[in-house]
There are 2 protein chains.
Amino acid sequence: MRPDADGNDGSQRAIRDAIRDAIVDRRLMPGTKLTETDVGALFHVSRTLVRGALQALAHEGLVTVERNRGAFVANPSPGEARQIFATRRIIEPGILAEAARHITPAHIRQLRERLLDEGRLMNERGQSARRAEIKASGDFHLHIAAMTGNAVMQRFMDELIARSSLVIALYGQSTVSSCGHTEHMNIVDAIEAGQIDRASRLMVHHIHHIEADLDLRARRTHELRDALLP
Amino acid sequence: MRPDADGNDGSQRAIRDAIRDAIVDRRLMPGTKLTETDVGALFHVSRTLVRGALQALAHEGLVTVERNRGAFVANPSPGEARQIFATRRIIEPGILAEAARHITPAHIRQLRERLLDEGRLMNERGQSARRAEIKASGDFHLHIAAMTGNAVMQRFMDELIARSSLVIALYGQSTVSSCGHTEHMNIVDAIEAGQIDRASRLMVHHIHHIEADLDLRARRTHELRDALLP
DNA sequence: AAATGCCAGATCGTATACAATCGGACGGCA
DNA sequence: TGCCGTCCGATTGTATACGATCTGGCATTT
């Protein structure tokens with residue numbers, strides 16, 4: 001089911017995924033220049049493949065490309081961040097309802113296992129634990145999307161979650177809100193109880209809470225260029 | 001080579017847009033091979049730019065790329081078509097609600113003007129009129145999405161509408177349903193009356209009707225390759 | 001000293017070159 | 001005749017070459 005319909009073989013795909021992971025994991029800071037030659041040297045490939053990967057990432061919104069200047073790790077503005085979460089609030093309740101129609105007890109079990117891992121991560125401290133926590137939190141939403149069996153939707157969600165992770169890493173307060181985990185649990189409970197409406201409402205609130213835990217007022221840019229130019 | 005009078009990075013974008021329009025307008029039949037050299041010759045550019053454009057279109061789902069075989073105009077399966085419309089049914093009611101919060105009388109007037117054009121096209125016969133009608137119908141949905149002021153959402157809708165147009169061109173019956181136009185009018189009426197819930201319901205039904213007017217049972221492929229391989 | 005003009009290095013945009021792969025045609029063989 | 005293996009042209013995948021453009025520093029001017 002995954003013979004790469006994109007047609008891109010390992011090389012370009014591998015580069016794209018590696019950079020994406022690095023961005024989402026925040027090992028690459030927003031605004032970082034992604035020089036084609038340098039990236040190519042790291043992966044032992046030519047600029048051609050790197051360019052392809054960067055263009056794909058630009059399409060996903062994780063990288064911005066400026067003509068004759070190059071590619072940079074995306075530095076989403078607060079406005080962009082709000083749009084991302086607004087989009088999620090529109091889409092995800094619908095996804096939940098659709099997923100509920102296809103759900104099996106096995107799926108529920110899978111979700112609960114995820115939640116256990118999530119809970120474990122929550123109790124750890126440190127950078128890497130926090131990163132893992134952000135990732136796990138996103139995976140929860142992706143797993144629900146996967147249950148719809150709708151590949152189109154799933155691709156949209158992939159993009160939204162990746163960009164959300166970037167935004168959270170950027171604007172998240174150091175005091176991580178621990179309510180996300182319990183909210184996930186509540187959502188699964190509601191799904192299992194067949195209370196889809198309630199689950200959808202919980203999901204909307206949950207996304208609201210994620211956004212509310214960010215500090216979107218102060219723009220954390222020291223790059224005047226993209227602070228002044230739109 | 002030529003400093004493209006467009007001013008911006010016109011070359012690759014121009015090629016991509018030209019091919020996209022051709023696909024959505026159905027001047028390029030699904031399954032048509034898009035040989036890099038040939039396309040490049042048409043636009044007087046090298047394969048490099050063509051490849052970029054084709055990869056971008058592949059990302060949008062309008063083109064499929066098979067490794068070592070090349071790019072083809074997408075030939076969406078009935079299953080894919082259903083996923084596209086299912087996604088629209090999930091997203092568009094939410095878009096409608098969001099758009100309603102930003103709407104002004106000027107917007108309503110714009111929508112009504114669109115509808116007049118649509119009505120005019122409906123009364124004409126012939127291939128090109130039908131194509132224009134499909135396009136106008138999609139534009140209606142895109143305009144509503146634009147009113148949300150949410151660029152993320154808008155990009156998703158761009159993709160969904162483009163793919164929908166392709167699907168309609170592929171699987172649409174020759175007897176075009178004329179109810180789409182009146183449904184659009186009813187939706188605008190509901191929005192103007194402030195009955196957002198009703199408008200959303202109408203929108204869902206409308207999308208259902210569009211899908212119901214397709215013949216998604218018989219796969220119209222004579223390409224055994226992609227009929228047999230998943 | 002501040003501002004301006006100019007040059008050089010770095011980096012990108014595009015074209016082209018070369019290698020890898022595929023698909024069809026041709027011819028041998030049962 | 002029909003089938004199968006082999007070869008060749010066509011097309012793609014990747015790398016490299018070369019001109020265009022930007023950036024930053026240095027020298028010159030006021």
Side-chain angles (χ1 to χ4, degrees), chain A residues 3-19 28 31-59 63-75 221-229, chain B residues 1-19 28 31-59 63-75 221-229:
Chain A
D4 200 8
D6 277 350
N8 300 334
D9 83 315
S11 302
Q12 176 162 327
R13 166 96 161 198
I15 297 170
R16 196 189 54 183
D17 291 350
I19 297 179
L28 278 171
T32 304
K33 177 97 194 285
L34 297 170
T35 304
E36 296 175 356
T37 308
D38 296 352
V39 178
L42 282 175
F43 289 95
H44 308 289
V45 297
S46 74
R47 284 176 50 209
T48 306
L49 295 180
V50 177
R51 271 181 84 82
L54 291 177
Q55 284 189 249
L57 289 169
H59 227 85
V63 158
T64 62
V65 179
E66 294 175 40
R67 179 169 178 90
N68 280 320
R69 285 201 6 103
F72 304 81
V73 177
N75 197 351
T221 185
H222 306 93
E223 325 266 344
L224 295 187
R225 174 188 304 274
D226 48 35
L228 301 180
L229 303 181
Chain B
M1 188 187 205
R2 69 173 44 163
D4 237 358
D6 265 355
N8 54 25
D9 53 288
S11 296
Q12 175 160 327
R13 176 175 296 268
I15 297 170
R16 195 190 55 182
D17 291 349
I19 298 179
L28 278 171
T32 304
K33 177 96 194 286
L34 297 170
T35 303
E36 295 175 357
T37 308
D38 296 352
V39 178
L42 282 176
F43 289 95
H44 308 288
V45 297
S46 75
R47 283 175 51 210
T48 306
L49 295 180
V50 177
R51 272 181 85 82
L54 291 176
Q55 283 190 254
L57 289 168
H59 224 85
V63 158
T64 62
V65 179
E66 294 176 40
R67 173 163 180 94
N68 282 320
R69 287 202 4 102
F72 304 82
V73 178
N75 198 352
T221 185
H222 305 93
E223 324 266 347
L224 294 188
R225 174 187 303 274
D226 47 37
L228 300 180
L229 301 181

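Chain letters run A, B, ... following the sequence lines, proteins first and then strands; every chain starts at 1.
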Practice problem: Check every strand shown and say whether B:Thr48 touches a base, only sugar-phosphate, or nothing at a heavy-atom separation below 4.0 Å. | Solution: base

Round to the nearest Å and state the distance from [X] atom [atom1] to [N] atom [atom2].
X: A:Arg67; N: D:dC22; atom1: CZ; atom2: C1'; result: 12 Å
X: B:Leu54; N: D:dG13; atom1: CG; atom2: C1'; result: 14 Å
X: A:Leu49; N: D:dT12; atom1: CG; atom2: P; result: 16 Å
X: A:Glu66; N: D:dC22; atom1: CD; atom2: C1'; result: 12 Å
X: A:Arg69; N: C:dT11; atom1: CZ; atom2: P; result: 12 Å
X: A:Asp38; N: C:dT11; atom1: CG; atom2: C1'; result: 10 Å
X: A:Glu36; N: D:dT14; atom1: CD; atom2: P; result: 16 Å
X: B:Ile15; N: C:dG13; atom1: CD1; atom2: C1'; result: 13 Å

Is [X] near enough to [N] that one of its side-chain N or O atoms lies under 4.0 angstrom from OP1 or OP2?
X: A:Arg51; N: C:dC12; result: no
X: B:Ser46; N: C:dA15; result: yes
X: A:Lys33; N: D:dT23; result: no
X: A:Arg47; N: D:dA15; result: no

Self-check item: Dot-bracket encoding of pairs in DNA chain D, which uses [ ] for pseudoknotted crossings and | for another strand, Watson-Crick or G-U under 3.5 angstrom
Solution: ||||||||||||||||||||||||||||||

Practice problem: Would you please name every residue forming a side-chain hydrogen bond (donor to acceptor under 3.5 Å, both in side chains) with A:Glu36, sequence neighbours left out? | Solution: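 For A:Glu36 the side-chain hydrogen bond (donor to acceptor under 3.5 Å, both in side chains) partners, ignoring immediate neighbours, are A:Arg47, A:Arg51.
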
Quiz item: Excluding sequence neighbours, so at least two apart, what forms salt bridge (Lys or Arg N to Asp or Glu O under 4.0 Å) with B:Asp17?
Solution: B:Arg20

Practice problem: Could you check A:His44 against B:Gly70 and say which one's nearest nucleotide on DNA chain D is further toward the 5' end? | Solution: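 Final value for this comparison: B:Gly70.
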
Quiz item: So how far is it from B:His59 NE2 to A:Gln55 CD, rounded to the nearest 0.5 Å?
Solution: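 So the NE2 of B:His59 and the CD of A:Gln55 are separated by 11.0 Å.
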
Quiz prompt | Separation of B:Leu54 CG from B:Thr64 OG1 (nearest 0.5 Å) | solution = 10.5 Å

Self-check item: Where A:Gly31 and A:Phe72 come nearest, the two heavy atoms and their spacing
Solution: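 Closest approach of A:Gly31 to A:Phe72: O-CD2, 3.5 Å.
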
Self-check item: Partner of B:Val73 under side chain to side chain contact (heavy atoms under 4.5 Å, CB included), chosen from B:Leu57, B:Thr32, B:Val63
Solution: B:Thr32

Quiz item: In this structure, which one of B:Leu49, B:Thr48, B:Val50 forms a side chain to side chain contact (heavy atoms under 4.5 Å, CB included) with B:Gln12?
Solution: B:Leu49

Quiz item: Where the side chain of A:Val45 is concerned, which of D:dT12, C:dG13, D:dA15 is the nearest nucleotide?
Solution: D:dA15

